[in-house]
2 protein chains.
Amino acid sequence: MSQDIPVTGYAILGLLTFGDELTGYEIKQRADMTLRFYWVSPAMSQVYTELRRLTDLGLVAADARTEGSREVTSYAITAAGQAALRGWMDGTPAGFPVLKHTVLLRLLIAHATEPAHTRQMLHDYLGELDRAIDDLAQVRESLRGADRPGEAFRFPSLVADWGLDYFAAETQHAKRALAGLDETGPEGTVPPA
Amino acid sequence: MSQDIPVTGYAILGLLTFGDELTGYEIKQRADMTLRFYWVSPAMSQVYTELRRLTDLGLVAADARTEGSREVTSYAITAAGQAALRGWMDGTPAGFPVLKHTVLLRLLIAHATEPAHTRQMLHDYLGELDRAIDDLAQVRESLRGADRPGEAFRFPSLVADWGLDYFAAETQHAKRALAGLDETGPEGTVPPA
DNA sequence: CTGTGCATGTAAGGAGTTACATGATTGC
DNA sequence: GCAATCATGTAACTCCTTACATGCACAG
């Protein structure tokens, strides 16, 4: 059946189940909007590589047309693609999420540098979290109107809400860590608020 | 300065800042205990590869001895290693965490399969979360006694607590998603509890 | 007429994985 | 005696990234 497609391949296949025919460029944009929060933001070159593979396997159909004077290729999922996607979703265990959290990694060994640097890092992280929340909130808003049970964007909404909650929690954690950093050892005093 | 070491290299360097001389095997064990939750669980082969690189760069010192009749090599961080680690922590932006969350990815496109499968997946995830929480809670317990400000395991404790909260939140999210799945469309009725 | 966005690719390389291979030590 | 754990590595391969390369369309 499924000839060993990387997860990103299935993710692209998944993006194509929402109805539209998409170009590689558009797939990259959609991935940057939503997929990046809980999977990856694949490089353009990988999107094309993956589309090539999926086309060769017959899981997507390439629709090459000429627009003005340039070649544009859109892709649509095929019946075989739908079947492969289902086979993957039903047949392979989901597995535990992998978190590559450089902030936490650095916090773990924060004793190896000065507190000021760690504080700076957490501040920066808070800023990036704000931006991520703004971005994701906008995506979430765009799903309104079709986000109720049975509607087209039911699951994307569920996932977006999950993500928003996650980022909110991260913000809290970062703030708590920041507060914890300001506490000094048993002999020290708590610095003024 | 730092000759392009992968993050995992710095992670290993970080593990060696907690005092002990460790063998590759032991480093792998420690990584599996703690690092895996917010970075990765590197394969054994990669641990050795990385230790080789760090040794070549003079960032760790290999201490090869013969124990009984077999060769055992332990590694300790050198002064140069400490400097390189600090340079990395202070000099490179931490960057936003990357989450590879197959459960969320699958939930996003859950319309492509039957609700029963999605429910099953979320159940499985809840089980794995329980196990992860147990494991991490045990690690957290082992840090007690040296987890206050200024003490050796201050930061690891902070990070472990962060992780435990994260897993608790994930459990809540998964349960909420499960509850959301049981709601049917506007025309349907809410199934009995 | 220049920069930004749209659109598509190739090539090189790195990080990390699985599979394979080997052997000592310890506990049952 | 056998399995699990300790301990160390090599080889092949894959996913994915960065850098490079090209060219149209459109707005200011």
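Every chain is numbered from 1 and lettered A, B, ... according to where its sequence line falls, protein lines coming before strand lines.
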Distances under 3.5 Å only, N/O to N/O: pair up the protein atoms with those of nucleotides 1-3 of chain C.
none

Whole-Å gap separating C1' (C:dT17) and CG (A:D4): 13 Å
Atom pair distance, as rounded to whole Å: OH in B:Y25 and P in C:dG23: 18 Å
Connected via hydrophobic side-chain network under 4.5 Å: A:V98 and A:W162: yes
Any A:R52 side-chain nitrogen or oxygen under 4.0 Å from OP1 or OP2 of C:dT10: no
Donor/acceptor link under 3.5 angstrom from A:T23 side chain onto base of C:dT8: no
Check: B:H101 ring centre within less than 6.0 Å of A:F37 ring centre: no
Contact boundaries on DNA chain D for chain B, cut-off under 4.0 Å to non-hydrogen atoms: D:dT5 to D:dC16
Worked verdict on B:V47 versus B:L51 for side chain to side chain contact (heavy atoms under 4.5 Å, CB included): CA-CA 6 Å; B:V47 171; B:L51 282 170; 3.9 Å; yes
Passing candidate, salt bridge (charged side-chain N to carboxylate O under 4.0 Å, His left out) with B:R140, options B:D165, B:D147, B:D134: B:D147
B:S41 and B:D32: side chain donor to acceptor below 3.5 Å: yes
Strand-adjacent residues in residues 59-77 of chain B, judged by heavy atoms under 4.0 Å from DNA chain C: B:G68, B:S69, B:R70
Working for side chain to side chain contact (heavy atoms under 4.5 Å, CB included), residues A:L16 and A:L54: CA-CA 12 Å; A:L16 291 172; A:L54 295 172; 5.8 Å; no
N/O (side chain, B:Q46) to phosphate O (OP1/OP2, C:dT17) under 4.0 Å: yes
Rounded distance in Å - NZ (B:K100) to P (C:dT17): 11 Å
Residue B:F167 excluded, over 12 heavy atoms near CZ under 6.0 Å: yes
Nucleotide C:dG14, atom P - distance to OH of B:Y10 in whole Å: 15 Å
Donor-acceptor contact present, side-chain B:T78 to main-chain B:G58, <3.5 Å: yes
Path from B:Y38 to B:V139 over hydrophobic side-chain contacts below 4.5 Å: yes
Check: B:S157/B:R148 side-chain N/O donor and acceptor closer than 3.5 Å: no
Candidate pair B:R131 and B:D135, rule salt bridge (charged side-chain N to carboxylate O under 4.0 Å, His left out), full reasoning: CA-CA 6 Å; B:R131 253 167 289 144; B:D135 290 351; over 6 Å; no
Sugar-phosphate, base or nothing in reach of B:Q29, heavy atoms under 4.0 Å: sugar-phosphate
Separation of C:dA7 C1' from A:L51 CG (nearest whole Å): 12 Å
Working for salt bridge (charged side-chain N to carboxylate O under 4.0 Å, His left out), residues B:E50 and B:R53: CA-CA 5 Å; B:E50 210 56 57; B:R53 179 191 341 233; 2.8 Å; yes
Nearest-Å distance for atom pair CZ/P, residues B:R53 and C:dG13: 15 Å
Distance in angstrom units between A:K28 NZ and C:dC6 C1', rounded: 14 Å
B:D32 CG - C:dT17 P separation (whole Å): 11 Å
